[in-house]
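Here is the structure we will look at.
Side-chain atoms are counted along with the backbone in the values below, which use heavy atoms only and exclude waters and symmetry mates.
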Amino acid sequence: ILGIPPTMVLNLEQIENIFSECKSRQLKLDSMIHCAGTYINNSLRMNVASDMMQMYLLNTMAFTELCKFYGSKRYSNENGCILAISSMSADACDAGMCNYSASKAALNASARVIAKELVKRNIRVNTIMPATVMTKEMENYLDIVKESGTWVQPLGFIPPIQIAYMVDFLLSDRANYITGACIPISA
């Protein structure tokens, strides 16, 4: 497992260096998970173009560029799997989430297209679209969200292990015939 800090994929011209490093270590990848993203909740009136570009860069453009190199025979094995963590926000499109929702919807569309292009190498490409996950950061907002009246997850925040279960399934041979799917995990 090779973990790449999100800041490393913000310079699209440097992404191939990640794969070159793997090759120099004589590694060929079987799978790749894009679990990097950024979120800024702004109303349309408060939109800042530089924030919007940063969000698209990390949430969507970096994924596409990573897939370009992963799809090369030089860097990955046949029968591989690419998985991106998207968001239910891609479909929910809540107020104040224009940029985030659009960047995750673009991520989902990119994954579907890339799945069709990489099928010739039998590389599966999917996204997972979780609703709100109980991360350390979200623990601070639980009371605020419940008090705001916008609470829409009757089963509560999703424990991170539930996302891990879906990742494990999609990377396994049990999911050999699933590609181009955007799979919601909602509570």
Ignoring hydrogens, what is the shortest heavy-atom contact between Met129 and Cys182? Give both atom names and the distance. SD-CB, 3.5 Å

Name the orientation class of the two ring planes belonging to Phe69 and Tyr75 (parallel below 30°, tilted from 30 to 60°, perpendicular beyond 60°). perpendicular

In terms of hydrophobic clustering (I, L, V, M, F, W, Y; side-chain heavy atoms under 4.5 Å; direct or indirect links), are Met166 and Met88 co-clustered? no

Test item: Asn122 side-chain N/O and Glu78 main-chain N/O as donor-acceptor pair under 3.5 Å: no

Could you tell me whether the side chain of Asn176 and the main chain of Asp173 form a donor-acceptor pair under 3.5 Å? yes

Qualifying salt bridge (Lys or Arg N to Asp or Glu O under 4.0 Å) pairs, either residue in residues 97-112, two or more places apart: none

CG (Asn77) and CG (Asn79) are apart, to the nearest 0.5 Å, by 8.5 Å

Let me confirm one number: the OG-CG distance from Ser87 to Asn108, rounded to the nearest 0.5 Å. 8.5 Å

Taking Thr127 for the side chain and Ala84 for the main chain, is one N or O donor matched with an acceptor at less than 3.5 Å? no

Grab the two heavy atoms, one from Ile123 and one from Ser76, that are nearest each other, plus how far apart they are. CD1-OG, 4.0 Å

Do the side chains of Ile85 and Val167 get nearer than 4.5 Å, heavy atoms only? yes

Return yes if some donor-acceptor pair links the side-chain N/O of Lys28 with the main-chain N/O of Lys73 below 3.5 Å, else return no. yes

Side chain proximity check, Cys67 to Met32, heavy atoms < 4.5 angstrom: yes

Applying the 4.5 Å side-chain criterion to the ILVMFWY set and letting contacts propagate, would Val125 and Val113 be lumped into a single cluster? no

According to a hydrophobic-cluster definition based on side-chain heavy atoms being under 4.5 Å apart (Ile, Leu, Val, Met, Phe, Trp, Tyr only), do Ile82 and Leu12 belong together? yes

Do His34 and Thr60 have side chains that get closer than 4.5 Å, going by heavy atoms? no

Check for a donor-acceptor pair, side chain of Arg74 on one end and backbone N or O of Lys23 on the other, with a separation under 3.5 Å. no

What residues form a salt bridge (charged side-chain N to carboxylate O under 4.0 Å, His left out) with Arg45, not counting sequence neighbours? none

So, Tyr70 side chain and Asp30 main chain: donor-acceptor pair closer than 3.5 Å or not? yes

Shared hydrophobic cluster, Ile183 / Phe169 (ILVMFWY, side-chain heavy atoms < 4.5 Å): yes

Counting N and O atoms only, with roles assigned by atom type, does the side chain of Asn99 sit under 3.5 Å from a partner on the main chain of Met55, one being a donor and the other an acceptor? no

